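This structure is a prediction, so every number in the text was calculated from the model and none was measured. Note that these values count all heavy atoms, side chains included, but never hydrogens, waters or copies made by symmetry.
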Amino acid sequence: MKLKRPISLFAFSCIVSIGTLLLYNIPFFNYVAQNNNETTSGKIFLMASLTLLMLAVNFLMTYLAMWALRKVGRVLLAILALINATAVYFILTYHVMIDATTIENVFNTRYSEASGFFSWGLWLFIVGAGLLPAFYCLLQPVVIGKARQLAVYCGSALAVVLVMALVNVNQTLWISQHDTELGGLLQPWSYVVNTCRVVSSYHDEQAEEIKLPDGTIGDHEKAVVVLVIGESARKANFQLYGYGRNTNPRLSRQERLKVYQATSCATYTTAGSKAILEPKNSGDLYELLPNYAFRTGVDVVWRTSNWGEPPIHIDEYVTDTDLSAQYPDADKDHDGILLAGLRERIESSQKDKVLIVLHTSTSHGPRYADKYPKEFEVFKPVAKNIEEGEKNIGMLVNAYDNTILYTDFLVDSLISTLRSLSEWHSAMIFISDHGESLGENKVFMHGLPMKLAPKVQYEIPFLVWTSENFRRYKRTPEELPEVLEQHYIFHSVLNLLSIQSPAYNKDFDLFE
């Protein structure tokens with residue numbers, strides 16, 4: 001099938017540029033209109049300038065792509081149309097911004113998680129706003145024209161960009177203050193630029209971690225620490241932190257359980273889990289807790305139903321799929337599989353010090369109702385996914401609260417297992433990688449930049465349990481601040497495992 005009547009490359013580029021503006025950038029202009037304090041005439045002038053600027057840039061991109069790449073340029077434009085439509089759907093539906101954090105989350109998302117976002121609304125939007133424009137880019141006959149036309153039209157577009165930038169130089173401060181939001185709403189540049197940033201960041205990261213100074217194990221007492229990295233668990237919905245619902249019926253009765261106020265260092269899994277495992281907040285990749293403990297001589301096990309953590313270099317990295325094969329009678333569909341055979345694994349260790357990390361996925365959206373066994377569906381009715389929950393926030397909260405109730409069961413069961421190990425000193429630490437939005441201010445899930453994120457995305461639960469006569473907690477405000485960082489995990493675990501190291505910082509230790 002072909003559109004019979006050829007048009008000039010100039011006309012084609014104008015059509016694509018206008019279409020990109022109208023189909024994919026309404027959220028951008030809504031943000032500018034609502035967040036600029038100019039007078040009415042000043043706001044109109046800014047909006048008109050941005051419109052001309054965007055039309056010129058998109059025209060330039062389209063013209064150059066078609067001129068230089070021909071058929072490949074058509075395919076590229078078609079792909080951009082599909083991605084634009086998908087991006088705008090998520091912006092409109094989930095009120096996200098397509099920044100570097102969002103792109104990194106996309107890179108770290110498995111199909112099983114991504115499929116939770118699939119819906120008829122998404123597919124219809126992609127067909128109408130993405131597939132039809134893509135077909136136009138692929139099938140419309142275009143007369144490419146001569147090199148002289150390329151110089152004239154592209155030179156004119158560049159001149160428009162320069163003039164619009166100069167006449168709005170007084171807006172530089174406002175744009176710099178809102179650059180994250182503006183850049184995250186501008187299509188296709190939001191994901192094009194931020195994908196380049198993320199790829200560049202991956203390339204720049206050290207292929208090998210920055211090694212920490214060698215450590216030694218200071219005694220031969222048998223000690224086991226189980227670190228549970230919770231997924232998307234927010235403090236606001238924990239009964240232990242004053243939530244009105246009975247979401248922690250078991251843990252609220254646990255003796256020796258310490259409850260700390262804490263905040264995460266990021267609002268997405270990769271950065272949040274990195275902060276939990278590293279000795280200090282850094283853009284560099286230092287040797288992480290399980291890697292360092294393993295190198296020091298600790299028996300280290302990583303069990304996970306999740307993904308997105310920084311590089312783990314140990315011998316025993318076990319996924320939920322591996323555990324399902326090893327324990328066929330266990331519940332392979334939920335995070336209870338991570339506890340399968342745990343007592344036997346600890347008791348069979350040939351070493352005095354054992355560190356086990358459980359990386360869960362219990363409270364990750366968009367399908368909270370799939371994250372727990374049905375017997376934990378206490379709060380009803382529930383929304384099956386976030387799209388359904390948008391229409392009834394209460395049903396979405398019900399589903400999420402059931403995930404916290406299941407988390408309560410898992411952590412309580414883990415503590416009971418550790419308490420039964422009479423020959424071992426034992427400790428359990430539960431901390432979330434980040435929080436979660438459940439429709440507050442029409443924001444859902446997580447991943448907003450820290451400077452924009454609501455507190456529910458970074459206020460997290462931090463729970464600690466130790467067996468009797470193991471370690472004494474710091475007690476006074478002078479010893480511990482009111483709100484803790486995730487970096488307390490690294491140094492506290494070194495203490496619990498009696499690892500003596502120059503990397504240890506007593507100021508970030510929960511214990512004396």
Residues Glu377 and Asn402: side-chain donor-acceptor under 3.5 angstrom: no

Geometric class of the Trp307/His364 ring pair [parallel <30°, tilted 30-60°, perpendicular >60°]: tilted

Qualifying residue, where the test is side chain to side chain contact (heavy atoms under 4.5 Å, CB included) with Leu358 and the options are Thr304, Leu414, Leu227: Leu414

Stepwise side chain to side chain contact (heavy atoms under 4.5 Å, CB included) test for Trp302 and Ile229: CA-CA 11 Å; Trp302 184 286; Ile229 301 177; 4.1 Å; yes

Donor-acceptor contact present, side-chain Arg245 to main-chain Asn237, <3.5 Å: no

Test item: Thr360 and Asn306 side chains (from C-beta on) under 4.5 Å apart, heavy atoms: no

Residue pair Val357 / Leu289, side-chain heavy-atom distance below 4.5 Å: no

Between Glu209 and Asn291: side-chain donor-acceptor atoms closer than 3.5 Å: yes

Heavy-atom donor-acceptor pair, Ser432 side chain to His434 backbone, under 3.5 Å: yes

Distance-only polar pair, side chains of Asp322 and Tyr317, donor-acceptor under 3.5 Å: no

Side-chain touch Val88/Phe125, heavy atoms, less than 4.5 angstrom: yes

Student check: side-chain heavy atoms of Trp424 and Leu418 closer than 4.5 Å: no

Donor-acceptor contact below 3.5 Å, side chain Gln457 vs main chain Gly447: yes

Presence of salt bridge, Asp219 and Lys353, under 4.0 angstrom: yes

Audit row: Leu277, Ile312, side chain to side chain contact (heavy atoms under 4.5 Å, CB included) steps and yes/no: CA-CA 10 Å; Leu277 301 173; Ile312 305 300; 4.3 Å; yes

Geometric class of the Tyr400/Tyr368 ring pair [parallel <30°, tilted 30-60°, perpendicular >60°]: perpendicular

Atom of Ile98, atom of Ala87 and distance for their closest heavy-atom approach: CG1-CB, 4.2 Å

Test item: side-chain donor near acceptor, Asp433 and Ser273, under 3.5 Å: no

Rounded distance [0.5 Å steps], NE2 in His491 versus CZ in Phe511: 13.5 Å

Test item: side-chain donor near acceptor, Glu231 and Thr269, under 3.5 Å: yes

Parallel, tilted or perpendicular: ring planes of Phe430 versus Phe238, cut at 30 and 60 degrees: tilted

Check against side chain to side chain contact (heavy atoms under 4.5 Å, CB included), Ile415 and Arg250: CA-CA 11 Å; Ile415 292 174; Arg250 295 170 178 84; over 6 Å; no

Identified side chain to side chain donor-acceptor pair (under 3.5 Å) counterpart of Gln239 within the set Thr247, Asp408, Asp401, Asn246: Asn246

Asn248 and Tyr241: side chain donor to acceptor below 3.5 Å: no

Glu423 (side chain) donor-acceptor with Leu421 (main chain) under 3.5 angstrom: no

Side-chain donor or acceptor of Ser492 paired with backbone N/O of Ile489 under 3.5 Å: no

Side-chain heavy-atom pair Asn505, His487 within 4.5 angstrom cut-off: no

Sidechain-backbone polar pair: His446 side chain, Glu436 backbone, donor-acceptor under 3.5 Å: no

Any donor-acceptor N/O pair, Asp299 side chain to Lys351 backbone, under 3.5 Å: no

Phe490 and Tyr292 aromatic ring geometry - parallel, tilted or perpendicular at 30°/60° bounds: parallel

